[in-house]
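What follows is a short report on a single structure.
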Amino acid sequence: MNQVLTEPDSRLFDTLVECSDRVFFYYADLKSNVARWSKYAVEYFGLPGEILSPSTLWDAKVHPDDFADYQKTFIQMAEHVTPYHNCEYRVTIASGEYVWVHCRGYMNYDKDGNPEFFAGYVMNMGTINKVDQVTGLWTSYGFRSDVSKMLERGLHGAAMLFDINNFKQINSNYGYEFGDKALRTIGAELVKIEGNKVHAYRMDGAQFAVCMEGTEKDLAACEKVLVQKLEKMVIDGVLIHLEYYIGAVVFPKDGEGVDQIQSNLFYSLSYAKQLKSRDMIFFNKDLYEKRSRRVRLNEALMRSIDEGFQGFRIVLQPVIDAKTGRLHSAEVLLRWCNEEFPKAGPMDFVPILEETHKIIPVGRWIIDQALSCVAKWNRMHGASKLPHININFSYIQLIDPALKDYVIGKLDEYYLPHDTLVAELTESCRIEYNESLGEILQSYHDAGILIALDDFGTGYASLTVLKEIPADIVKLDYTMIRTVVDRPKDRTLVEFIITYCAKMQIDVCTEGVETEQALGIVKDAGATFIQGYYYDRPLETEDFYEKYICGQAAVS
């Protein structure tokens, strides 16, 4: 086994270990894949020894529901987004039980920028300061403690968890100091509603919680007061618009233990986000069944992936040149067939693939399937039949350090020009956008790959992102297009965006065109490309081939 630490470093590590039996230190040599843990960590977590080889043996102890968040920080360190690891998750201890821990660490890189060694510590949440330094509120550790005490006393209570969903955008627009002031202001408003039976907490990031002794009705009244404050928040004279989602639980009905209550609370928040609902969503029997279904769906997806992507297939929807009426491209869409989940659609399984990071291998499979089709059709009928192919890319995929080489390798393998591929950026890319992602996108663009912003006009999309992202195409979301016939203001907005993009030499594709009247409006507005049911629904690859590759070149 490789030497994990030099003699001086080993003595330093041993000295740190003796400082506390509640702080568990670790050190990992990433080149040799060997880690050393403190002797107290061995005892507390039931590790096989102080030396772990491979170092990833620790990963197996992390709770499956927390693994995606845990792994995300390592991807960010590998991508040089940040050298810091700062994560909360559950992990098994020697008794086999799960406990919440707070893990911090720092990554060191060699002269070539490759991860070299990683060191830090793990603390049980019960041993950490319970007061948030920015807001002065109790932290998630205080939340868990208070809920536990209420359960022990047999009290009935309720809790809500709300997430400021556009907080990253606020930091980006106004700076981190302004963001901290916003958090403090929210904290101050929460303090005003605190009392003997109501307690407020800052959880993680821009998430806050309220826990109270009382009923669902009592919590709803508390939420109403809070929402009124959130909707009219002024920071340094600036009125800011907060996008938020709220989940809630009532206990002990929704959980007899703090882990179950907290887990159900997070799930209700996640469901509120999925619905894009501004209402507070309470955990209930239906949500429990949806959650159980989601667990089973996740297991079925993992089996399909492990069995060589069995059940997955791609379909294609044509993208038409507005001026010539000829086929310009085809958007690749993912489908999945499974006996247990015959009606599962992309809205069901794609979020799971992204949360578990399985979108990375599935995304590569999609790229290979799509490019191989294009290459085959080019050989048979000429490249002019299908000049481009649009494939969706999420943030999780783009920060995969090996993806760019894979994409370019596949384009070269199939003898395709690099601009054959149009990389459509999903909303996650705009939410998570940072300087590092901007550099990644520019490297794709420099390699000749075209960049398209998908679902423009919804969520976090704004004209300002066009200054940051090297976009060749903007795809207007179907929700904007379906109202242009009946709403003059919406029509004016679409016309403005198309004109603005034209001045920036960015093409515009209008999605969701279903009627001849809508088609005429977006054509007159100057849209470059048209996509929607007016021309066709997504087709199986064989049907697309027969209709658009073997069929007539012009479709209108």
Side-chain angles (χ1 to χ4, degrees), residues 69 73 82 84 86-89 100-104 123-150 157-214 219 221-249 258 261-262 265-266 268-269 272-273 280 431:
D69 288 336
T73 65
T82 175
Y84 296 98
N86 188 1
C87 189
E88 298 171 3
Y89 54 89
W100 281 91
V101 297
H102 186 194
C103 185
R104 299 197 62 145
M123 294 180 68
N124 185 299
M125 285 188 172
T127 66
I128 304 175
N129 194 336
K130 295 183 179 181
V131 177
D132 175 54
Q133 295 181 355
V134 176
T135 64
L137 296 175
W138 297 108
T139 63
S140 59
Y141 320 121
F143 172 84
R144 292 175 59 81
S145 175
D146 288 346
V147 172
S148 295
K149 291 175 182 177
M150 291 178 67
M160 67 175 169
L161 176 68
F162 65 95
D163 183 20
I164 308 301
N165 210 44
N166 63 330
F167 187 70
K168 289 184 179 179
Q169 193 66 36
I170 291 171
N171 273 337
S172 176
N173 290 344
Y174 302 105
Y176 287 96
E177 183 177 350
F178 184 94
D180 282 347
K181 288 183 179 180
L183 294 174
R184 281 194 290 273
T185 303
I186 295 170
E189 295 298 339
L190 287 171
V191 168
K192 293 177 183 178
I193 64 174
E194 280 197 309
N196 293 332
K197 295 184 178 181
V198 181
H199 302 282
Y201 316 84
R202 181 186 176 191
M203 304 296 272
D204 183 43
Q207 292 183 345
F208 294 82
V210 172
C211 177
M212 65 187 304
E213 181 184 343
L219 189 66
C222 182
E223 181 258 353
K224 183 178 180 180
V225 173
L226 175 62
V227 165
Q228 289 175 344
K229 300 295 184 180
L230 292 179
E231 291 181 344
K232 297 179 180 179
M233 186 161 290
V234 178
I235 313 294
D236 287 348
V238 178
L239 177 65
I240 59 173
H241 172 66
L242 297 179
E243 294 182 8
Y244 56 87
Y245 298 105
I246 306 176
V249 294
V258 65
I261 290 170
Q262 186 168 353
L265 183 59
F266 274 98
S268 63
L269 173 64
K273 290 182 178 181
M280 181 165 59
I431 295 173

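Keep in mind that what you see is a predicted model, and the values were worked out from it rather than measured. Side chains are part of it too, since the values below use all heavy atoms of this structure and drop only hydrogens, waters and symmetry mates.
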Separation between [atom1] of [X] and [atom2] of [Y], rounded to the nearest 0.5 Å:
X      : Y      : atom1 : atom2 : result
Trp100 : Arg144 : CH2   : CZ    : 6.5 Å
Met203 : Leu269 : CE    : CG    : 10.0 Å
Leu230 : Phe162 : CG    : CZ    : 5.5 Å
Tyr89  : His102 : OH    : NE2   : 10.0 Å
Cys222 : Ile193 : SG    : CD1   : 3.5 Å
Glu223 : Ile246 : CD    : CD1   : 4.5 Å

Taking the side chain as every heavy atom from C-beta outward, state whether [X] and [Y] have any atom pair closer than 4.5 Å.
X      : Y      : result
Leu190 : Arg202 : no
Asn173 : Phe178 : no
Phe208 : Leu226 : no
Lys181 : Tyr174 : no
Ile235 : Ile170 : no
Asn86  : Thr73  : no

Would one find more than 12 heavy atoms of other residues, nucleotides or ligands at under 6.0 Å from atom NZ of Lys273?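 Correct, the count exceeds 12.
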
With side chain to side chain contact (heavy atoms under 4.5 Å, CB included) as the test, would you mind laying out the steps for Leu219 and Met280 before giving the verdict? CA-CA 10 Å; Leu219 189 66; Met280 181 165 59; 4.3 Å; yes

Tell me the closest heavy-atom pair linking [X] and [Y], and the distance in Å.
X      : Y      : answer
Ala248 : Ser268 : N-OG, 3.1 Å
Leu265 : Ala159 : CD1-O, 3.7 Å
Ala272 : Tyr245 : O-CD2, 3.6 Å

Are any side-chain N or O atoms of [X] and backbone N or O atoms of [Y], one a donor and one an acceptor, separated by less than 3.5 Å?
X      : Y      : value
Asn166 : His241 : yes
Ser145 : Tyr141 : no
Thr135 : Leu183 : no

Hey, mind stepping through Leu161 and Asp163 against side chain to side chain contact (heavy atoms under 4.5 Å, CB included) and telling me if it holds? CA-CA 7 Å; Leu161 176 68; Asp163 183 20; over 6 Å; no

Could you label the plane-to-plane angle of the Tyr201 and Phe143 rings as parallel, tilted or perpendicular, counting under 30° as parallel and over 60° as perpendicular?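 Aromatic pair Tyr201/Phe143 classed perpendicular.
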
Residue from Met150, Met160, Lys197 passing side chain to side chain contact (heavy atoms under 4.5 Å, CB included) with Cys211: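 Looking at Met150, Met160, Lys197, the match for Cys211 under the side chain to side chain contact (heavy atoms under 4.5 Å, CB included) is Met150.
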
